[in-house]
Amino acid sequence: MFSYLMRRILIALPVLLGVTIINFYIVNLAPGDAVDLMINPGMSAADFARQREALGLNDPIHVRYAKWVGNLMQGNLGTSFSTQKPVAARIGERVGPTLTLTVTALVLAYLIAIPIGVISATRQYSWIDYGSTIFGLVGISVPSFFLGLGMIYIFSLKLDLLPTGGMLTIGGKGGFMDHLIHLIMPAIVLGLNSVGSVMRYTRSSMLEVLRMDYMRTARAKGVAERLVVYKHGLRNAAIPIVTILSFQMTGLIGGAIITEQIFQWPGMGQLVIEAISQRDYPVIMGANLLVAVLVVLFNLLSDAVYAVVDPRISYS
Amino acid sequence: MIALPKQVPPKGKEPESHSYFVYVFRRFRRHKMAVFGLIVVTLLVLVAVFAPWVAPFDPNEIGVDFQAPPSGTHWLGTDALGRDVLSRLIFGTRISLSVGVVSVSIYVVIGILLGAAAGYHGGWVDTAIMRLSDVFMSFPSLMLILVVVSLIGPSIFNVMMVLGLLGWPQIARIVRGQFLTLRGLDFVQAGRAMGARDVRLIVRHLLPNAFSPVLVAATFGTAVAILSEAALSFLGLGVQPPTASWGNMLTDAQSLSILESMPWLWVPAGGLIFLAVLCINFVGDGLRDALDPRLKL
Amino acid sequence: MSKRSGMVTKVLSVVTAMAILAGCSGGSKSGDKPAGEQPQTQNPAPAPAKKNLDVTIAMWSPPNNFSPINTDSSYGYFAVEAMFDTLVKVNDKIDFVPKLAEKWDVSKDFTTFTFHLNPKAKWHDGKPVTAKDVVYTFNLIANKETVTNRGATINLIKGTDAGGKADGPVEGVKALDEKTVQFVAKKAVDPLAFLEKVGANIYILPEHVLGAVAPKDLTTHAFFQEPKVGSGPFKFVKYASGQYIEYARNEEYYLGAPKLERLFIRIMQANTAVAALEKGEVDMTAGAGIGEIPIQDWDKVQTLSNMNALTFVTKGYQYMDFNHTRDYFKDPKVRQAFFYGINRKLIVDNLLKGTGVVLESPYTPIYKYVNTNLKPRGFDANQAKKLLTEAGWDFNRELALIVPIGNKVREQSADIIMANLQQVGVKVKIEKMDFPTLQARRGKGDYDMSLIGWSDILDPDVSSQYRTDAVYNNGKYSRPKVDELLDQGATTAEFQARKKIYDELQEIWYNDPNVVYLYSPNALTAVSKRMENVKMSAMGLLWNIHEWDVKQ
């Protein structure tokens with residue numbers, strides 16, 4: 001199993017490299033650069049020229065890529081064009097909030113979706129089943145920004161229960177509760193989509209499993225129904241559920257972009273949008289690389305969990 | 001569902017499978033939400049096709065009454081530039097549905113081609129295509145779409161193209177999966193033994209079996225594409241005004257004041273996105289249940 | 001639930017808790033009362049409630065960095081303004097008021113400007129602000145190795161070239177003694193121009209902190225990420241990236257310690273700002289260009305009981321420029337036709353709800369140099385068609401109008417412009433793109449018309465936009481007479497003489513248009529009723545922040 005993981009990591013490396021090359025070229029070949037953005041009555045032509053030179057934008061593109069990779073090998077992600085801060089620092093301060101948001105959304109989604117999915121599978125055609133199916137479908141049909149604005153309107157403006165956005169109260173003490181009330185709405189908005197798809201997936205894989213012969217055997221042996229369902233059934237259904245974990249995570253990272261925008265959540269999504277509109281190449285590259293690495297890690301993680309959970313699978 | 005030929009067919013003729021479609025349709029009918037969904041979707045398609053005849057005004061005609069509430073002339077009021085909301089909604093149906101259908105069509109074709117190649121040939125072709133799909137799936141698609149559309153410029157064609165080029169991995173995997181399962185089966189071996197050519201086998205036997213999961217995936221994919229377009233418009237990177245799309249109509253009214261006091265600017269568009277996507281998802285759900293041979297209905 | 005998820009639930013809860021804590025460790029700190037809240041008192045006795053001395057200003061975008069010589073032009077300099085000072089400042093009455101310089105003399109021939117620094121002026125680390133700092137700052141900007149965006153601002157000084165650069169110390173800047181600095185201009189110059197540019201637009205840097213750093217290493221220097229040594233009324237405390245900037249009162253401020261304790265500049269989305277204003281989470285918006293109420297929320301803001309809604313004419317405006325390298329734009333009648341062919345009044349009345357002004361020149365009503373004799377050109381499709389026909393316009397030609405994303409009203413005005421021109425018979429295709437793409441296309445001359453905005457200082461010199469080969473003259477409008485007048489205007493000292501020059505320029509641009517001046521949107525802002533002494537105007541907000549007070 002270890003060697004399998006090592007092999008996967010080794011294969012992942014050229015994939016990542018390929019991703020960075022494609023990224024770099026797309027981003028650098030796009031029209032306009034960071035200096036084009038600078039409209040400032042105080043700037044002279046000499047200032048402009050100096051800005052370009054200082055950012056290394058006068059070098060040909062392959063030279064720039066080589067420099068970037070060279071820096072990367074030394075563990076240096078470069079300096080942000082727009083803020084002149086080290087890219088690693090800029091990304092570092094944004095990763096935490098994004099992870100908090102996406103993991104919370106994911107956990108919430110799974111905690112709600114799995115039990116409901118199981119129940120609706122075991123009680124197929126009951127009103128719970130229909131209700132949850134509809135809820136699931138609604139969950140994947142609502143545009144998240146629409147939902148977000150609606151929630152701000154109701155819970156923030158009308159009912160004054162929750163803040164309109166941000167991660168913490170400004171100038172406040174911080175702390176867990178403050179964090180929590182700022183986290184609720186974005187996590188729900190982000191997680192709703194996942195609830196829908198995970199619920200339906202759970203339901204359908206449970207349905208398959210419930211029909212399996214070994215389930216009938218367990219019942220025939222006199223095992224209590226609940227045990228049958230949860231111990232035998234869910235464990236087997238868990239396999240496909242785990243496989244979609246990495247897709248969910250990827251989807252959440254993407255969906256977080258919009259949620260962060262609405263709720264002013266200072267995460268990676270906002271950073272990427274800013275960086276793109278400012279043509280801040282080092283930051284775009286760094287952020288994309290990080291996301292790619294995260295996704296590879298999640299894939300590996302879910303494969304590993306998969307292997308643990310399903311005794312049929314062996315990776316040797 | 002394995003479409004086994006009932007007898008050795010006379011040269012050039014294959015047995016038709018009416019009974020299969022009727023069978024599927026009957027099962028579909030039992031899923032009431034799916035039927036409702038299908039009716040709504042059909043209506044929307046009709047509205048989209050006959051938009052110029054259905055819409056009361058020119059959707060781009062700038063009026064004199066800006067942001068006017070619903071009235072006798074303008075049933076859903078006017079937007080920030082005095083344009084009739086109802087007409088824009090109707091023409092927007094065209095745009096939003098086309099984005100959905102076109103982008104999905106693009107990636108279904110790509111996905112089938114690549115998936116078939118991977119599944120049928122196996123070996124290095126399979127590995128290469130699977131690794132490529134890994135790369136594509138490795139990316140939060142919204143982020144990738146964002147980067148690309150920002151850089152090549154927002155427009156309906158670019159959006160369709162980008163959505164179309166990113167969605168194929170799932171389809172490819174489905175098709176490949178079907179091929180892998182079926183490749184070893186007897187009738188394929190038999191076909192080969194009889195000297196049938198690869199292409200024929202693929203087209204006549206393997207593809208139709210991959211058809212159902214692909215159809216289901218494509219249906220859900222259309223819903224996702226419509227939502228993606230709406231999301232892109234929210235970020236200002238989707239279809240641009242003056243062309244109306246449901247997504248950009250929703251963005252036009254992003255402020256909390258408008259949310260509160262001018263519901264006609266957002267409720268119709270938001271509601272319609274939700275309705276369309278929900279109904280398409282209902283249809284997908286129904287199709288999936290209808291096409292699943294193991295599900296007893 | 002039951003046993004099956006026992007393990008799983010445990011793991012998940014641990015993971016969640018860890019994730020939340022991980023995110024937590026970035027943020028929580030400081031202060032003992034959150035902004036906008038009143039501490040509760042237990043006893044019912046009518047003691048006056050303790051005043052909340054924190055003030056929060058909302059801004060729509062984060063500053064790039066805090067470099068007083070190289071930050072982005074609007075958000076960055078706003079953030080810098082609270083903690084660094086210039087020699088003088090422009091107040092809301094458009095007069096110059098003392099800052100680091102407590103008085104200044106202008107020589108009779110308008111070439112020499114002497115600034116006497118306030119003896120009490122000190123840096124946040126206690127060291128006095130001296131002439132050495134001033135000289136250092138100007139030499140730094142003029143240094144060719146320095147990355148800065150203030151070059152054009154200092155090019156009036158003797159010893160600098162047209163780009164504000166010099167090969168050594170700048171000849172025209174000299175420290176006469178520890179608290180006196182003397183500037184010499186290249187030629188006799190309008191004192192208002194000099195005061196505004198050199199006096200009010202260059203933030204002074206501490207030589208004792210930065211003097212030893214090589215100019216080319218300055219851009220990434222930590223000082224510009226956390227500038228703890230400024231000279232302004234507030235001191236930098238921290239910057240929570242993308243969320244807010246926190247400042248604390250400078251007790252030793254040479255013009256008198258501010259009454260407020262803490263200043264927060266909060267970065268938020270414009271469309272949720274109204275909610276924050278209503279709830280009192282934010283005390284005011286940052287002002288023209290950087291923190292304005294979106295037009296669709298303006299009606300609502302005016303009804304808020306805890307806010308004073310403020311609107312005023314600004315220095316900025318939106319225009320549509322022509323690509324003058326395209327030969328079909330050569331005939332002035334064609335360009336004049338566009339003035340008649342676009343319903344600018346409709347844009348102001350409907351998109352801006354009347355809160356704006358139609359312009360016939362690059363000067364908004366706030367400028368003393370506006371040529372009031374120019375006859376306003378209203379929307380007249382027939383007149384436009386007539387002019388175009390006379391000029392031999394090909395009505396089958398489709399023009400590409402490129403529009404940047406990001407300014408809602410501007411994007412919507414593009415739709416109106418297209419519809420208007422359609423009425424006239426001119427075919428227009430709108431292409432939307434993000435800002436850098438737009439600039440790249442303008443730079444390459446790959447467009448017909450573009451929509452863009454501009455905001456400058458009060459001095460009427462617009463050479464950087466409209467002179468031949470100027471940095472921002474992407475349309476490549478070039479007339480020798482215009483260049484001549486621009487050069488003259490920049491170096492004429494006396495107001496009446498200057499006015500004549502700029503009047504003539506505006507007439508030329510009226511008849512032989514360089515661009516189509518569209519509109520100047522009024523600033524839409526709000527200030528909490530609990531604030532006192534806040535004097536927001538087109539000239540800025542923070543100029544007298546040390547004098548602000550609160551009622552509660």
Side-chain angles (χ1 to χ4, degrees), chain A residues 30-34 36-48 50-51 54 79 82-85 90 93-94 96-97 99-100 103-104 107 110-111 115 152 156-157 160 164-176 178-179 183 226 230-231 234-235 261 264 266 270 277 279, chain C residues 1-4 12 15-16 19-20 22-24 26-31 34-35 54 56 64-65 73 144 147-153 155 162-165 201 219-220 224-225 241-244 246 262 264 266 268-269 272 275-276 279 434-437 439-441 443 456-457 464 471-472:
Chain A
D33 60 29
D36 281 327
L37 207 44
M38 299 181 187
I39 291 211
N40 193 324
M43 273 182 89
S44 61
D47 285 338
F48 258 115
R50 181 77 188 102
Q51 300 268 7
T79 313
S82 42
T83 63
Q84 301 304 331
K85 225 168 135 167
R90 271 199 96 188
E93 65 200 1
R94 298 297 184 109
L99 279 181
T100 309
V103 170
T104 310
V107 166
Y110 271 70
L111 281 180
I152 293 179
S156 236
L157 276 186
D160 203 7
T164 56
M167 202 167 74
L168 289 170
T169 308
I170 294 175
K173 281 190 291 274
F176 189 70
D178 193 31
H179 230 85
L183 185 58
R226 199 176 246 187
Y230 289 114
K231 185 161 172 219
L234 189 58
R235 176 177 277 159
Q261 188 86 323
Q264 248 343 71
Q270 277 211 317
S277 63
R279 299 288 194 271
Chain C
M1 289 307 137
S2 64
K3 298 181 210 150
R4 58 97 203 176
L12 286 175
V15 169
T16 322
I20 295 185
C24 266
S28 42
K29 189 68 82 99
S30 74
D54 292 341
T56 307
N64 274 352
N65 56 46
S73 69
K144 291 185 178 163
V147 182
T148 171
N149 54 23
R150 304 277 88 182
T153 313
N155 69 356
K165 301 294 166 196
N201 271 286
T219 29
T220 47
F224 297 131
Q225 301 295 336
S241 172
Q243 298 175 69
Y244 65 90
E246 184 181 339
R262 291 188 298 179
F264 293 95
R266 182 170 157 183
M268 52 193 317
Q269 284 258 292
T272 41
K279 290 173 66 162
D434 70 355
F435 208 84
T437 312
Q439 279 299 91
R441 285 198 45 181
D456 209 333
I457 54 177
S464 62
V471 169
Y472 293 109

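All values derive from a computational prediction rather than experimental measurement. In what follows, every chain begins at residue 1, and chains take the letters A, B, ... in the order their sequences are listed.
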With rounding to the nearest 0.5 angstrom, report the [atom1] to [atom2] distance, [X] to [Y].
| X | Y | atom1 | atom2 | answer |
| --- | --- | --- | --- | --- |
| A:Thr83 | C:Phe224 | OG1 | CZ | 13.5 Å |
| C:Thr153 | A:Asp47 | OG1 | CG | 8.0 Å |
| A:Arg279 | C:Phe435 | CZ | CZ | 11.5 Å |
| C:Ser241 | A:Arg90 | OG | CZ | 6.0 Å |
| C:Asn149 | A:Gln51 | CG | CD | 6.0 Å |

What's the shortest heavy-atom distance between [X] and [Y], and which atoms?
| X | Y | answer |
| --- | --- | --- |
| A:Ser277 | C:Asp434 | CA-OD2, 4.3 Å |
| C:Tyr472 | A:Met43 | OH-CB, 3.9 Å |
| A:Asp36 | C:Gln439 | O-CG, 3.2 Å |

Part of A:Ser82 within contact of chain C (heavy atom distance under 4.5 Å) =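 Answer is both: backbone and side chain atoms of A:Ser82 are under 4.5 Å from chain C.
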
Chain C contact via A:Asn40 - side chain, backbone, both or neither, heavy atoms under 4.5 Å =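 Answer is both: backbone and side chain atoms of A:Asn40 are under 4.5 Å from chain C.
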
Taking salt bridge (charged side-chain N to carboxylate O under 4.0 Å, His left out) as the test, write out the residues that go with C:Arg150, two or more places apart.
->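 Residues passing salt bridge (charged side-chain N to carboxylate O under 4.0 Å, His left out) with C:Arg150: none at all.
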
With sequence neighbours left out, write down each residue that passes salt bridge (charged side-chain N to carboxylate O under 4.0 Å, His left out) with C:Asp456, or none if nothing qualifies.
->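 Testing C:Asp456 for salt bridge (charged side-chain N to carboxylate O under 4.0 Å, His left out), a comparison that skips the adjacent residues, returns none.
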
For each of A:Ala34, A:Ser44, A:Gly32, tally heavy-atom pairs with chain C at distances under 4.5 Å, and name the one with the top tally.
->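 Most heavy-atom pairs under 4.5 Å with chain C: A:Ser44.
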
Looking at A:Gly42, A:Pro41, A:Ala46, which one has more heavy-atom pairs under 4.5 Å with chain C than the rest?
->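 If we count pairs closer than 4.5 Å to chain C, A:Gly42 comes out on top.
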
Side chain to side chain contact (heavy atoms under 4.5 Å, CB included) between C:Val147 and A:Gln84, worked out | CA-CA 11 Å; C:Val147 182; A:Gln84 301 304 331; over 6 Å; no

Count the heavy-atom pairs under 4.5 Å between each of C:Gly163, C:Ala152, C:Gly443, C:Ala440 and chain A, then report the option with the highest count.
->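 With the most close heavy-atom pairs to chain A, the winner is C:Ala152.
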
